[in-house]
Amino acid sequence: MKKKFETRAIHAGCEPEPFTGAVMTPIFQTSTFVQESPGQKKGYVYARSHNPTRTALETNIASLEEGKYGLAFPSGMSAISTVIRILGTGDHVICCDDVYSGTFRMFEKILSKQNLEFDFVDLSRPEFIEKHIKDNTKIIWIETPSNPLLKITDIETITNIAKSNNILTVADNTFATPFFQNPLDLGVDIVVHSTTKYLNGHSDMIGGAVVTDDRKIYDQVHFFQNATGAAPGPFDCFLALRGIKTLAVRMERHADNAMKIAQFLEKHSNVTNVIYPGLESHPQHELAKRQMSGFGGMITFFIKGGLESARSFLERVEIFSLAESLGGVESLIEHPAIMTHSSLPQEVREKLGISDELIRISVGIENVDDLIDDLDKALL
Ligand SMILES: *Cc1c(COP(=O)(O)O)cnc(C)c1O
């Protein structure tokens, strides 16, 4: 019988180390591995290509994502920039319009100037996708829930459209995590992650991952990874692996706390709108329920009173740290227009609805009463 998620989170890829019996995967802090005779290797050669600590992490994440092959990267951006190399000159990508701002920056500021074409489209409205498909469209890039507006994309509908047009799909599953959503099961070809966020979960490393069921894609992405040097260090792999062991219990608590906080914010008179996929008021709540097994720990809301009100609220919170990033055990809060999404041109922010009143929180796993009390005091 296939082991359940919680069991695989702890054990997949993590056999006791054969030489010493160490139960926890050691940090193989070495750049090279001895050969018995020229070309006769014991399994590992040089740590840019492979390292045992990294292999354990790769096997583990692949298992959680229900995929055959996993690759670990030194950052989420490095995973994304390596995957996108499967494109050739002149290829076209359809990308969701509120994609992670670093992904937007790479596509728009670097790759658009290197003979790749990008269209940023609202993928939460799949009925409009077909008109964006061109002869040279090779990838549809999905991120759901999106950031910061938590729009939900119907993964299965998109992958069906993509398949019938011979287009690959990539899903950035950082926000939902494999605990709440498995894009490969819904037909996606490649899953990417920033392991910096929920997978590691402790805000103490930067990392990324790629998972696929397709051997050809895996070989190609691993070739690019090795050839361009996008190799994560063993210590960061160890930290991610250690963090993942508690992913299931953390995600349950993140989601429970987030639901209670979203309900509290929805009733608060200084809050004009709350976006959380778990709320019935979310326009795609039904889709979220169908596609995800939980709604995650991210909430976005609009505060009354414009920029000044947002600024003073953000200065008043005490338990929530005013910081970029998300997915750690500690609660974070931020102002997307000034912080995480400032690299987007103003007209793009306006079109997406990232206004001065918009606040994003990454709900941690502290006691929820303390978190609500902190917000309540700061909202006045
Ligand atoms: C953070 C993030 C990334 C980039 O990952 P890094 O580890 O910061 O390079 C990509 N996608 C999403 C959804 C993210 O939240």
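When a ligand or atom number is given, it counts from 1 through the structure's own listing order.
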Cationic N near anionic O, under 4.0 Å, [X] to [Y]:
X      : Y      : answer
Asp373 : Lys377 : yes
Asp154 : Arg290 : yes
Glu6   : Lys245 : no
Glu143 : Lys151 : no

Could you walk me through whether His222 and His50 pass the ring-ring contact (aromatic ring centres under 6.0 Å, His included) check? CA-CA 10 Å; His222 182 247; His50 293 286; 4.6 Å; yes
Passes side chain to side chain donor-acceptor pair (under 3.5 Å), His202 versus Glu330? Steps please. CA-CA 8 Å; His202 294 73; Glu330 73 294 343; over 6 Å; no
Ligand 1 N/O to protein N/O, distances under 3.5 Å:
residue  : atom   : partner : partner atom : Å
ligand 1 : 5 (O)  : Ser194  : OG           : 3.0
ligand 1 : 7 (O)  : Gly76   : N            : 2.9
ligand 1 : 7 (O)  : Ser194  : OG           : 2.8
ligand 1 : 7 (O)  : Thr196  : OG1          : 2.7
ligand 1 : 9 (O)  : Gly76   : N            : 3.0
ligand 1 : 9 (O)  : Met77   : N            : 2.9
ligand 1 : 11 (N) : Asp172  : OD2          : 2.7
ligand 1 : 15 (O) : Lys197  : NZ           : 2.8

